[in-house]
> 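Structure in structure tokens, see below.
Sequential numbering from 1 along the given sequence is applied to the chain's residues.
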Amino acid sequence: MENNTFGLGPRPGRQSDAAGLSRSRAALLEILRNQSEPTSLAALVASSGLHENTVRAHLDGLETAGLVCRERATPEGRGRPAWLWSAVDHEPAPEYAGLAGALAATLHRTSDDPAGDATVAGTEWGRRLARESQRSEADDARGHRREVVNLMDELGFEPESGPRAERVRLTRCPLLEVARQHTEIVCNVHAGLVRGALAEYGDEETDVELVPFAEPGACLLHLRPSRP
């Protein structure tokens, strides 16, 4: 099934390159991504609240990982100009997107129930990801929903939600073009992923609904708590 709602939906995804970073290093990377121009060390220290030596070490690590780059500032007066830092914007590898597209096309062509099979595959994937993820000690439905939002963030969906995490805007999609071509399959995989993760966290009751291309800038993920 093709989807032609090109005025709606999220932006293309970025590689989930922050998944292996510490919390403070990932936060520093996010600060850089939100800057409109290269940023000085002093400005990053002020924005992050971290010690200058800590910021410097994080920048070195991010540069080694290929996530940030630096350039010399314009010389002013005597002395060597300071370094300015920028985030390197990564898009998903074309090979990965191509493989996902081929798998979606094959499922669409060969399955008697493409949407159902996609949901099953996504559910198994979500369970595995939840088992492997670093979790807090959440023990209630709201905490489980927040865990799912964190997991979606690690996967590159850049979710936005309130404190109850019942309505989540997914502002990026790692497989946007494939999702436009095979919405039924790709989006059911993603919905199944959420259901599988919730089940692994011990929540079998939350009602999951993913609305693809729901509004400009986002798909919508509804996580409705069960009612007595």
Side-chain angles (χ1 to χ4, degrees), residues 7-94 96-97 129 132-138 142-143 145-177 215-221:
L8 301 174
R11 295 170 291 166
R14 293 189 282 227
Q15 288 178 329
S16 53
D17 41 32
L21 303 180
S22 67
R23 186 182 299 270
S24 58
R25 188 165 294 189
L28 186 64
L29 177 60
E30 190 61 26
I31 290 173
L32 280 170
R33 282 176 170 168
N34 290 330
Q35 303 306 306
S36 59
E37 57 187 20
T39 307
S40 68
L41 175 65
L44 291 171
V45 169
S47 298
S48 66
L50 300 173
H51 190 275
E52 179 177 329
N53 291 340
T54 302
V55 173
R56 198 187 307 274
H58 284 334
L59 289 171
D60 287 344
L62 291 169
E63 184 180 29
T64 299
L67 301 178
V68 304
C69 60
R70 57 179 169 172
E71 61 187 82
R72 287 290 186 187
T74 302
E76 294 182 3
R78 303 182 61 178
R80 180 176 296 181
W83 288 112
L84 298 177
W85 297 86
S86 303
V88 176
D89 200 19
H90 288 281
E91 298 297 333
Y96 172 62
L129 289 174
E132 296 173 354
S133 67
Q134 294 183 350
R135 295 187 51 199
S136 67
E137 297 301 319
R142 183 189 300 189
R145 295 195 299 271
R146 295 302 312 172
E147 295 277 8
V148 165
V149 171
N150 291 338
L151 180 60
M152 299 300 280
D153 193 29
E154 291 178 2
L155 293 172
F157 289 88
E158 294 194 9
E160 298 175 353
S161 71
R164 295 186 61 84
E166 294 181 6
R167 181 182 185 274
V168 184
R169 299 180 74 249
L170 303 177
T171 66
R172 284 189 182 269
C173 177
L175 294 173
L176 181 59
E177 291 309 313
E215 61 184 39
C219 298
L220 291 181
L221 175 64

> When you compare the side chain of V68 with that of L28, does any pair of heavy atoms fall below 4.5 Å?
no

> About how many Å separate CG of L84 and SG of C69, when rounded to the nearest 0.5 Å?
10.5 Å

> Output the distance between atom CG (L59) and atom CH2 (W83), rounded to the nearest 0.5 Å.
12.0 Å

> Give me the atom names and distance for the closest heavy-atom approach of R72 to P81.
NH1-O, 2.6 Å

> To the nearest 0.5 Å, how far apart are OG in S161 and CG in L170?
9.5 Å

> By the salt bridge (charged side-chain N to carboxylate O under 4.0 Å, His left out) test, which pairs, at least two apart or in different chains, include something from residues 60-69?
E63-R70

> Taking all non-hydrogen atoms of both residues, which atom of V45 and which atom of E52 are closest, and how far apart?
CG2-CA, 3.7 Å

> State the CG-CG distance between L175 and L155, to the nearest 0.5 angstrom.
10.5 Å

> Grab the two heavy atoms, one from R25 and one from A57, that are nearest each other, plus how far apart they are.
NH2-O, 3.7 Å

> Report yes if some heavy atom in the side chain of L32 is under 4.5 Å from a heavy atom in the side chain of L67; otherwise report no.
no

> Measuring only between side-chain heavy atoms, which start at C-beta, is M152 closer than 4.5 Å to V168?
no

> Compare every heavy atom of A87 with every heavy atom of R33, then report the nearest pair and how far apart it is.
CG-CB, 3.6 Å

> Got a second to check how far E30's CD is from S47's OG, nearest 0.5 Å?
12.5 Å

> So S48 and V55, do their side chains get closer than 4.5 Å, heavy atoms only?
yes

> With side-chain contact (heavy atoms from CB on, under 4.5 Å) as the test, would you mind laying out the steps for H58 and L50 before giving the verdict?
CA-CA 10 Å; H58 284 334; L50 300 173; 4.0 Å; yes

> What are the two closest non-hydrogen atoms of G162 and R146, and how far apart are they?
O-NH1, 2.9 Å

> For the CZ atom of R169 and the CD atom of E158, what is their distance to the nearest 0.5 Å?
11.5 Å

> With heavy-atom distances below 4.5 Å as the criterion, would you say the side chains of V149 and R145 are in contact?
no

